[in-house]
Amino acid sequence: MLTFALKRLGLAVLVALTVSAVSFSLLYLSGDPASAMAGETATSADIESIRTLYGFDRPFLVQYADWLFNALQGDFGQSYYFKLPVSQLIADRLSITMLLGVCGISFALVTAIPLGVAAAVRPNSFIDRTALFISVMGQAMPSFWFGLVLIVIFSIQLNWLPPSGSGGWKNFIMPTVVLGYYAMPAIMRLTRAGMLEVLNADYIRTARAKGAGEWRVMFKHALRNAVVPVVSLAAVQMGFMLGGSIVVESIFALHGAGYLAWESIGRNDLPTVQALILVFAGFYIVFTFLSDLANAWLDPRIRVG
Amino acid sequence: MSAAASPPPVLELSGVTKTYRVKQGLFSRPKPLRAVGGVDLRIHKKDVLGLVGESGCGKSTLAKILLGLEAPTSGRVMVDGREVSGQDRTLLARRIQPIFQDPYSSLNPRKSIEDIITLPLVVHKVGDSASREQAVSKMLDLVGLPQRVRRGYPNQLSGGQRQRVAIARALVMKPEIVICDEPTSALDVSVQSQILNLLGDLRQELALTYLFISHNLAVIEHLATRVAVMYLGRIVEEATAADLFAEPRHPYTKALLASVLTPDPSMSVPDTQLGASYPNPIAPPGGCHFHPRCAAIRDICRTVPPPHVSDAKGHVDCHLYAERTQAA
Amino acid sequence: MASNIDTLAQEIQGPSPAALLRRRVFGHYGLLFGVTVLIVIVALAVLAPLLAGQDPYAQSLVARMKPPFWMEGSDPNHLLGTDHLGRDYLARLLYGARISLAIGLIAALISGLIGTTMGVAAGYFGGRVDLVVTFLINVRLAMPVVLVALAVVAVLGGSLQVVIVVLGFLLWDRFAVVMRSSTLQVRGLEYVNAAKAIGCSTRRIILSEIMPNILNNLIVVMTLEMAHAILLEAALSFLGLGVQPPTPSWGLMISEGKQMMLFEPWVIAIPGVALFILVLAINLLGDGLRDITAPENRS
Amino acid sequence: DKASDTLNVPFTKELESVDSYFNSAREGVILQRSIWDGLLFSDPETGEYKGNLATSWEWVDNTTLELKLREGVKFHNGEEFDADDVVYTVNFVADPANGAVTQRNVNWMKEARKVDKYTVQIITDGPFPAALEYLAGPVSIYPNEYYAEVGPAGMGLKPVGTGPYRVESVEPGKHFVLKKYEDYHDSPKGKATIGTIDIRTIPDVNTQLAELFSGGLDFVWGVPSDQAEKLEAMGRFNVVNESTMRIGYLEMDAAGRSGADNPMTKRAVRQAINHAIDRQAIVDNLLKGSSKVVNSACFPSQFGCEQDVTVYDYDPEKAKALLAEAGYPDGLSIDLYAYRNREYAEAMLSFLAEVGIEANLKYLQYSALRDLRNNGQTSLSFQTWGSYSINDVSAITSQFFKFGGEDFARDEEVRDWLETADTSVDPEVRKEFYAKALKKISDEAYWAPLFSYNVNYVSTEEVEFVPSPDEVVRFFQVSWR
Amino acid sequence: MSEEPILAVEGLTIDIPMAQGTLHAVRGIDFELNRGETLCIVGESGSGKSLTSLAVMGLLPKRLECTARKLAFCGTELQGLPPSAMRQLRGNRMAMIFQEPMTSLNPAYTIGDQLAEALLLHRRVGKAEARTRAVELLGKVGITAAESRLSQYPHQLSGGLRQRVMIAMALMCEPELVIADEPTTALDVTIQAQILRLLVDLQREMNMAMILVTHDLGVVARVADKVAVMYAGEVVEQGTAREIFENPSHPYTQGLLRCIPVPGRTKPGEHLGSIPGIVPSLIGKVEGCAFRTRCDLAESACAKPIPIHETEGGHSWRCIHSHMDRMPA
Ligand SMILES: Nc1ncnc2c1ncn2[C@@H]1O[C@H](COP(=O)(O)OP(=O)(O)OP(=O)(O)O)[C@@H](O)[C@H]1O
Ligand SMILES: Nc1ncnc2c1ncn2[C@@H]1O[C@H](COP(=O)(O)OP(=O)(O)OP(=O)(O)O)[C@@H](O)[C@H]1O
Ligand SMILES: [Mg+2]
Ligand SMILES: [Mg+2]
């Protein structure tokens, strides 16, 4: 168990390092950070002085090593734009993104799993077709467009929900739906496929032969087994969702990490972008790790050798 | 029968071992699993060597080693007295061909029957398309399939027919040795008998040598000239079919024979005298691997691996016979 | 009075795989719908110059923001109205289909090539290769796609080519994952062993024994990734870091139309619905392909 | 809204820092005017200078300006305002090492000296006629003790000034709350009337409008003309349009920095481009409002902005002829760089295409574009310049024609004339030399000046607001109706 | 005879709607089973054995259409019984053992949980009591150290052990009828013999009726009191084991018996008997004898309805030939 955890941790660190190296080289090898820092009205002399001040004239590898060394100590440098420590900035913005992510994935799970189960129990029934329809729609609906449509309907036409901001729970309804709907189809399909497969499994017949009722069969025997891959998927989706919150946050003017990322790209605020990529990657890694643990807990074949 | 005068065996294994590393749980480190442990075996021309043993004892692994699909961890495989590992794999492929257990997965579903049967010819660049066409016709006749199946696909055939296609593919290169890994265990009895008859006929016609793997002793008795009994990766007894069935020596062989259920309504289900526990191949029992289930167990069996007792009839690995020979 | 036992016993051969496939295709309404819509869209895209009748780039500042035909004040010359520069919306929509299709197709091809190579290599060779590929897949999955794509496009400058290449190099993960597991599955089947025992070269085994049997999965992933790429391009363009104007990309049209969406909802509705239908059709096609090819019927 | 005496307004951009010396955004200027005061105040209507934190001022010599300070002014934190504050602020920001973002705003000052508690001298770095404009604009006075303690970062998070509004809270980049400063001194700015200003950053104009519809915002500015028209038509909102000092222009690489064989080095080509674009159509259909076509390389109201220059009217035929004359009878292909107003750029693409110039739009982030410009790689770019709302032509021509990184004309004659004008304190001399320079710029068609920008201010009917041409929203002049 | 049969099936028919038409998987089969008796259903793959046993348990998938003139358990007609009543019978008075020990146990729960569940569902007992019973039964099916096995998961057991657990699970409530669907097919020969022996012993001990589904004639001969031979969805021959093996009367039964090599009886290397051809498709209309396409003795009359011949000993077969050349015993 411990060696497993250590191994996973080692792998996770390696993944994170690679991600950071790739993104660092992508970002820093092209574009001029000094100019980005200088702001819109700077002169070339301003830029030159910034270049030497921040050491952008040093060799690339030195810069990376320097960055990495500091990053390992939790110091992602200063935002070029806000002139604030990036870690503080991200910590500040992350809460909204996390909240959004948690709401989104909860929404996705709460809708997807019952639908998936219901669809699997009665394949080709009305409910199955409805579920399929919902998921097909969800996959084809561009989320930025969906968000705009929701705003037009619920904020402008009906005036039920505020179109932007993060002041109260009402602000989170539309973003949650948009973000959750993006992740829902995959989870629903996997639940359905898993349940279908599990319901055809011999041990379900065994349970029925014992005289277990349908609900018991469905929830105690089938879902427990079908949910194992769903956990992994949900973790992956959660990771994607944080990364995908860019679109949603920018539509609903939520000042979360995703929006920060988008703005920072536009502002060439490289330390922030770099740190955000790493943070999102870190979340993905953490979630998949947690899902592995959850799966081990759910599936004794993994847990006990 | 006289071992000394006979030509060298077409196929000879000495000390062949195959160890896999398997992971059990997510949290455990891989452990070695000795699927085949120190197997010595000789197959002579036109022999049918029956290989029996229970599931997981390493029969298929042995077959894969012979086919060159797996490299043995140690030991030597020799064909016509030449060691295989140095030989070109294509050369080996010309002489040894397989027939697998599952007629459903042994044929590529995307290829027509004709393509499946000619594949060996194409790979080894034998003949031109016309001669290959002829070869297919001949093979189809040989295995008793109508000519019209040649443009069909595997999913259009029944299990027995598929197995015939597999046999045709195995024989189209005119190999000397055919490795049959449970070729009939997925088939119904009525089809099984067709395939067994076919295999018997082909052997006569083409002077083939078979390694015939099965766990159905009745089938083995019907077809084999020699029989090797395998238990947990080792050959525990080997003898001619007649000898083995007339006088099984190893307690495991005895149990195997006892558990053959002949369709005789006057008999009831036999008591094999075997223990219920099936050993874990990852942590095989010490001493004689068979000792936890053996009806004739002695103290020595728990600690000391059994000796290799050879005589004119074949060989048996068992403490019982070690003493007897010593005493004699 | 031949009962079917007599006839069926004669007929040893069932339907061929092709016939079976045909039967399943025509029994799958989602697939048929997807294919039909896709064919229509492709036809529209190909025939855009004929159908549009107008230059999608021709602007007329005096004829801006004309509404589509179902609204008052529409112009019969501009069935779907005009955009903020007075360009014909229908023409832009039709030419936009070309962009979306091209992006989807080429990006999926690039990523398919990368992902399939990696996945098949990992699945077939296993061991170290598998470790490395799995690691790369992990790295790729850990990278937030939208963010990285935005960043890279921002750095390289947005053009059709850049967007296609960036998407192509970012979306290979699913190919790799699916191809790896499919290959693993097929590799364990007896006919691959049989091919090895026959003496087939590794190349032949991969190309003619394994690939044909995982091709269906490849095609399914291809369609899904195509849809994914189209959506991503639209999202990037929407965020202003994708294809550049005046290219009539649908995402860009939504982005530009967003300005007026509160007053003239049709401006975003038209390209939005077009995008939705295209992606829907491709997804239905992919789902359908998966359904009809998934369980290889065993007799 | 009026009921809660809170004006809800959006910022479009995330403001990097509230400290006005450490941001370069319009939003920063808006906050600066409300939170801090300058020594002087420039009446937005007349342009006349009035005393604010200073009560009188006088040039002691070419480079020394002496000011008498207002007494009894208190900063929001209670600190008293006196000469030390001025001296500290000026000396801090004038030192390039402290990294004030927009050096131009402060680098004309060498230092400040305290004469007595309420008298200071500001020493300029050479003669600088526009000094008063800057003192009334970007140069605001910070409390010396507080600033010394917290520095720019602290000032950004918890700003303290003397202005009509004090800062209640700052969530960097996201949310700012201003409260009316009850003890505001008797400034020409006047006291604020609205109690609370609540500013949220909402990047997208649409979202801003959606919020306006649903009552989340009271006042929005920078609304594109199309939407403004629609909003006006709805009758629920006040829509006011006001011109700004920002002008748009095409910058052409006459100097051949991007390559000696660059077509833009040919005067005929540059003139052709001038003739090719129907600026009036763009103004009428896209910018609308109070935007105007500009012909000279500056905003007409700026001091020294000569209007009597060569005018290139819209004439595609002539453009084609000029192109043919320059050796491009079949037209040419070129990259057009731009960083804002994509739709205007797109419209220009189309006009250029009509005369045979196939322009590929390269729409970049400002900073990326500036890199290219400074490296001399943009042969044709669509630029805009707002002159920091400084009503003096030096804020534009001197930025772009004095051989800086953004000078693609590299005309020595123009540079020398501008130098003379910039450093002279005699208005007539300045006028004369600016006119010479601007005429040559026009004749040589170094730029294609396009149009001036305008801003639409949209508010609910409760809000009373009078815009000024400098694009700066003065919250203290907004009131409830 | 006087006693009511524990299971009486008459005219059981199972139709499966398929894309290509209706699959007549089971076509009107009859059998009866008394207390303490063992009935073996034997037949080739796809002949409908499993469907028949699932039909008795009421476990057929819903989309299959199952009808019967009579389907009575201890006199209670099972058709039309409300699901809750059917559940009360299942696992309680009739139990089933499935073919695949590897997949028939839920991988997510311990052996103990799964064993106890059967009892907890039907008896008012506590967890502890259910555990005790589980340990007791595990002992009975020959599992040593039963106590420690309770907390193990299925994947930790070998196939033979799992099948023993399955048997123990079926017997938890001491059912009157056990249906074992090929309980030993997936097992090794040695273990097969052990499991069969265990089943037979327990059946005697508990005086249960048992239906054993198999395709292994060897098993049938050794275990059965009564045998039903199925071919293509029909019972083609039925009778006591002795009758069937010594007097096989249907050409199919005879063919089957000739196909299998029997040590000591068939000569090594000699041709085995065989049945040519393949099983016909049962999709669409099926008339006459399904075996006629493979039968040496087929005549045109075989395409017409087939009479059932019955002897006094209860031996019956479905063939146009009433008196066949009997196989030499
Ligand atoms: N590729 C592999 N990796 C790890 N273990 C393997 C591998 N192949 C086989 N084994 C293990 O080696 C042992 C022998 O397997 P093998 O397939 O040779 O048995 P077998 O006698 O053919 O069994 P069966 O009768 O079920 O076919 C088994 O315990 C099996 O789990
Ligand atoms: N759920 C199902 N859907 C469709 N067809 C089915 C289903 N279950 C069984 N069948 C078909 O019904 C026929 C009889 O099946 P059944 O399982 O009863 O055969 P069996 O005699 O038990 O065979 P085996 O020895 O292979 O277990 C077969 O042709 C099978 O394909
Ligand atoms: Mg095997
Ligand atoms: Mg069955």
Side-chain angles (χ1 to χ4, degrees), chain A residues 11-12 14-19 21-23 26-31 132 135-137 139-146 148-149 151-152 155-157 185 189 236 239-240 242-247 250-251 258 261-262 264-266 268 270 273-274 276-285 288, chain C residues 30 34 131 134-157 224 227-228 230-241 250-251 254-255 257-258 261-263 265 268-269 271-273 275-284 286-287 294:
Chain A
L11 189 70
L14 209 58
V15 169
L17 277 182
T18 317
V19 170
V22 169
S23 47
L26 272 180
L27 296 177
Y28 282 67
L29 279 183
S30 36
L132 187 70
S135 84
V136 165
M137 296 276 287
Q139 279 177 326
M141 189 100 76
S143 53
F144 57 93
W145 187 69
F146 186 42
L148 295 180
V149 171
I151 290 183
V152 168
S155 299
I156 306 302
Q157 309 283 351
R189 280 160 181 252
V236 171
F240 287 171
L242 294 182
S245 60
I246 294 183
V247 174
S250 75
I251 289 173
W262 180 47
S264 300
I265 288 170
N268 255 345
L270 299 189
V273 176
Q274 173 74 10
L276 278 168
I277 291 180
L278 200 57
V279 166
F280 285 137
F283 273 117
Y284 173 85
I285 292 165
T288 43
Chain C
L131 277 182
T134 314
F135 176 75
L136 289 178
I137 293 176
N138 264 323
V139 169
R140 166 48 209 87
L141 284 174
M143 292 206 283
V145 198
V146 182
L147 181 46
V148 172
L150 280 176
V152 174
V153 173
V155 160
L156 298 179
L224 297 182
H228 193 185
I230 289 174
L231 277 182
L232 261 182
E233 177 272 327
L236 293 186
S237 297
F238 175 80
L239 290 173
L241 285 168
W250 290 347
I254 295 177
S255 169
K258 192 177 65 158
M261 87 182 181
L262 298 182
F263 309 101
I268 62 161
V273 168
L275 191 60
F276 174 74
I277 290 177
L278 173 60
V279 174
L280 185 75
I282 297 178
N283 276 336
L284 285 177
D287 285 352

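This one's a predicted model, so the numbers in the text were calculated from it and none came from an experiment.
With a threshold of 4.5 angstrom between heavy atoms, A/Leu148 approaches chain C through its backbone and through its side chain. The parts of A/Leu276 that come within reach of chain C are both its backbone and its side chain, each placing non-hydrogen atoms under 4.5 angstrom from that chain. With a 4.5 Å cut-off on non-hydrogen atoms, A/Leu132 does not touch chain C at all. C/Ala227 does not touch chain A: none of its heavy atoms, backbone or side chain, sits under 4.5 Å away. The contact between C/Ile254 and chain A is made entirely by side chain atoms (from C-beta outward), counting heavy-atom distances below 4.5 Å. Heavy atoms of A/Val19 lying under 4.5 Å from chain C belong to its backbone as well as its side chain.
Put simply, of A/Val22, A/Ile285, A/Leu11, A/Ile277, the one with the most heavy-atom pairs under 4.5 Å next to chain C is A/Ile277. With chain A as partner, the option from C/Leu136, C/Leu284, C/Leu232, C/Leu141 having the largest number of non-hydrogen pairs under 4.5 angstrom is C/Leu141.
Nearest heavy atom pair, residue C/Asn138 against residue A/Tyr284, reads O-CE2, 4.3 Å. Looking at every heavy atom in both residues, C/Val153 comes nearest to C/Leu241 through CG1-O, 2.8 Å. Contact detail for C/Pro271 and C/Trp250: the closest heavy-atom pair is CB-O, 3.9 Å. The two residues A/Gln139 and C/Val279 come nearest to each other via the heavy atoms O-CG1, 3.9 Å.
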